[in-house]
Number of protein chains: 2
Amino acid sequence: MTDGPSFEDLTARARIRDAALRLFADKGFVATTVRDIAQAAGVSPALLRHHYGSKDALRQACDDYVLATLRRVSEQVTADHQMANPVVSQSARGAVSRFQLYVTRALLDGSATAATLFDQSVKVTELWLAREDANRAAAPSTDARTRAALIIAMKLGIPLLHEHISRAIGVGVFEPEGDRRVVRALLDIFSHPLIDPELAAATEAGFAEPVDRPAGSPPRGGSPP
Amino acid sequence: MTDGPSFEDLTARARIRDAALRLFADKGFVATTVRDIAQAAGVSPALLRHHYGSKDALRQACDDYVLATLRRVSEQVTADHQMANPVVSQSARGAVSRFQLYVTRALLDGSATAATLFDQSVKVTELWLAREDANRAAAPSTDARTRAALIIAMKLGIPLLHEHISRAIGVGVFEPEGDRRVVRALLDIFSHPLIDPELAAATEAGFAEPVDRPAGSPPRGGSPP
DNA sequence: TCGGGCGCTGTTCGCTTGTATAGTGTGCTG
DNA sequence: CAGCACACTATACAAGCGAACAGCGCCCGA
């Protein structure tokens, strides 16, 4: 968790940034006040302005910091790609998970940096899908890009709604036990088809006429009482 | 879209509620001011207080309205269950999609009503999964509840991030063309395993030691630059 | 030793927020 | 027509917001 690269980082400026990262991720940008951040960082509210200029500039600094860290981690991972360095992958995993809540929340708060990260994730996944499609018996009837965007969006739905998932399964998804349950469930979900392929084909064939429905319901998953 | 049951609903009180529903869904609760709602509804800000008492009470009224509407729609659907009434199912689909953005956003804003809807959706999906598990060759190694919670969370990730999905695929997911693309892609995703079952089993076996990772990455979907 | 930069704070200023109060018109009922 | 209830508005107010300014102490080089 605290395996970050910068250790001598207990300066007030860094504490402010870390507090902002946590509060922005938890409550969102607008619901977080500079006084909240200052108190969490143990400094005066005026110090935020002294170091970062404004609340928006602080948010941009957080975005830049997250982006730079993720980029550095990514370079390390690709560098030791097939060296299978367990230390690197472990710390990389920690860094990614540490910023996941922040980035996903930033997506809803209109952060341009987060949007760029989203687009890049979609692109990576699209390439992966295109590679995987070659191994399929029948060529998919949909474009890889839409599938990639949906996969990323659905994946990010997990950290976005982590609080509700934790309540539903009775254990925090960030605790070891909850994390194990989540990983196992995801492996099961994505290695076994939820919908019968024939039924899917039939359903797809029935969609000649356009209907306004934003998201399909995988099983029959409605939100009825 | 505007197939709602209450038509004589152009009263100012209803306009305020509708404007609040839209703005809360778009910008979130805290980022929406009572003056915003009043302007969108074409009334004075003081009228919000007159009709609803306070901003929080207005939010509760919106929650209640959504809950009541969804419940009524659900009853209609279950009543004409195998009658296959196309009109009912069509309007039901519209009503659900109309409130989807509001409910999902309310989940992030800490609405108790939305949390209850989430839990109920999980329960319904859990029962559906348990029924489906009977047809599987090998019994799943994970509990249905965790899988259900993740499926619901991932499904809700789509409306939550609809803006970014639309940008990624180049067409709005609420337009007919975007909706068709989304439905087709979802059918493909959930009818074809993304992960090879053997690989999944191997990965799962390797998870003896607990590592702190909130969400697994389906393909290799990272967020690198 | 001393002087100046710098990290940091106390206090204050507009401004916007949600809320409160007084008041106006309008239509319905007797 | 009288009166009155009710939808609705204009204005005001206290609180909290982000932002600004002036100043304090401490370290560090000359």
Side-chain angles (χ1 to χ4, degrees), chain A residues 6-65 102 105-106 108-114, chain B residues 6-65 102 105-106 108-114:
Chain A
S6 36
F7 268 82
E8 190 251 44
D9 225 3
L10 2 79
T11 141
R13 182 183 169 95
R15 281 207 314 270
I16 292 171
R17 184 203 348 100
D18 286 352
L21 281 171
R22 194 173 56 81
L23 289 174
F24 287 163
D26 280 0
K27 315 196 301 177
F29 179 73
V30 283
T32 303
T33 70
V34 296
R35 289 167 174 83
D36 287 339
I37 302 172
Q39 188 175 8
V43 299
S44 159
L47 196 61
L48 301 217
R49 171 176 154 73
H50 177 69
H51 276 307
Y52 294 98
S54 72
K55 189 188 174 186
D56 284 273
L58 172 58
R59 189 247 275 266
Q60 188 60 52
C62 288
D63 280 10
D64 294 346
Y65 175 74
Y102 176 80
R105 187 72 191 218
L108 295 174
D109 287 343
S111 156
T113 302
Chain B
S6 36
F7 268 83
E8 191 252 41
D9 224 4
L10 2 78
T11 142
R13 182 184 169 95
R15 282 206 313 271
I16 291 171
R17 183 202 351 95
D18 286 352
L21 281 171
R22 195 173 56 83
L23 289 174
F24 288 163
D26 280 0
K27 314 195 302 176
F29 179 73
V30 283
T32 303
T33 71
V34 295
R35 286 165 176 85
D36 286 339
I37 302 172
Q39 187 175 7
V43 298
S44 158
L47 196 61
L48 300 218
R49 173 177 153 74
H50 176 69
H51 276 307
Y52 294 98
S54 73
K55 189 187 174 187
D56 285 273
L58 171 58
R59 188 246 275 267
Q60 188 59 51
C62 289
D63 280 9
D64 294 346
Y65 175 74
Y102 176 81
R105 187 71 192 218
L108 294 174
D109 287 343
S111 155
T113 302

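Chain letters run A, B, ... following the sequence lines, proteins first, then strands; residues in each count from 1. Just so you know, these numbers come straight off a predicted model, no measurement behind them.
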Rounded distance (Å) that lies between atom [atom2] of [N] and atom [atom1] of [X]:
X       : N      : atom1 : atom2 : answer
B:Lys55 : D:dA15 : NZ    : C1'   : 15 Å
A:His51 : D:dA19 : NE2   : C1'   : 17 Å
A:Leu47 : D:dG23 : CG    : P     : 19 Å
A:Ile37 : D:dG18 : CD1   : C1'   : 11 Å
A:Gln60 : D:dG18 : CD    : C1'   : 18 Å
A:Arg17 : C:dG7  : CZ    : P     : 15 Å
B:Tyr52 : C:dG18 : OH    : C1'   : 17 Å

**Prompt:** Of the options A:Asp109, A:Asp26, A:Leu23, which is the one that meets A:Thr32 in a side-chain contact (heavy atoms from CB on, under 4.5 Å)?
**Reply:** A:Leu23

**Item:** Side-chain heavy atoms of A:Arg59 within contact of A:Phe24, under 4.5 Å
**Value:**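 Side chain of A:Arg59 against side chain of A:Phe24, heavy atoms only: contact under 4.5 Å found.
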
**Message:** When you compare the side chain of A:Tyr52 with that of A:Arg13, does any pair of heavy atoms fall below 4.5 Å?
**Reply:** yes

Side chain of [X] only, heavy atoms from C-beta on: which candidate in [options] is closest?
X       : options                : result
A:Val34 : C:dC8, D:dG18, D:dC8   : D:dG18
A:Ala46 : C:dC8, C:dG10, D:dT9   : C:dG10
A:Ser54 : C:dT21, C:dG18, D:dA19 : D:dA19
B:Thr33 : D:dA10, C:dT17, C:dT9  : C:dT17

**Prompt:** Any side-chain N or O of A:Arg49 less than 4.0 Å from the OP1 or OP2 oxygen of D:dA19?
**Reply:**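 Answer is no, no contact under 4.0 Å.
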
**Prompt:** Do any side-chain nitrogens or oxygens of A:His50 fall under 4.0 Å of OP1 or OP2 in C:dC8?
**Reply:**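 For C:dC8, OP1/OP2 do not have a side-chain N/O of A:His50 under 4.0 Å.
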
**Between B:Asp64 and B:Gln60: side-chain donor-acceptor atoms closer than 3.5 Å** =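 Yes - a donor-acceptor pair under 3.5 Å links their side chains.
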
**Request:** Mark yes or no for a side-chain to base donor-acceptor pair under 3.5 Å between A:Arg35 and D:dG16, with no hydrogen or angle criteria applied.
**Result:** no

**Message:** Could you check whether any side-chain N or O of B:Lys55 sits under 3.5 Å from a backbone N or O of B:Phe29, counting only pairs where one atom can act as donor and the other as acceptor?
**Reply:**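 Yes; judged by distance alone, with no hydrogens or angles, the pair exists.
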
**Asked** Touch check for A:Arg13, heavy atoms < 4.0 angstrom, all strands: base, sugar-phosphate only, or nothing?
**Response**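 Nothing: the residue A:Arg13, judged by heavy atoms under 4.0 Å, touches no strand.
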
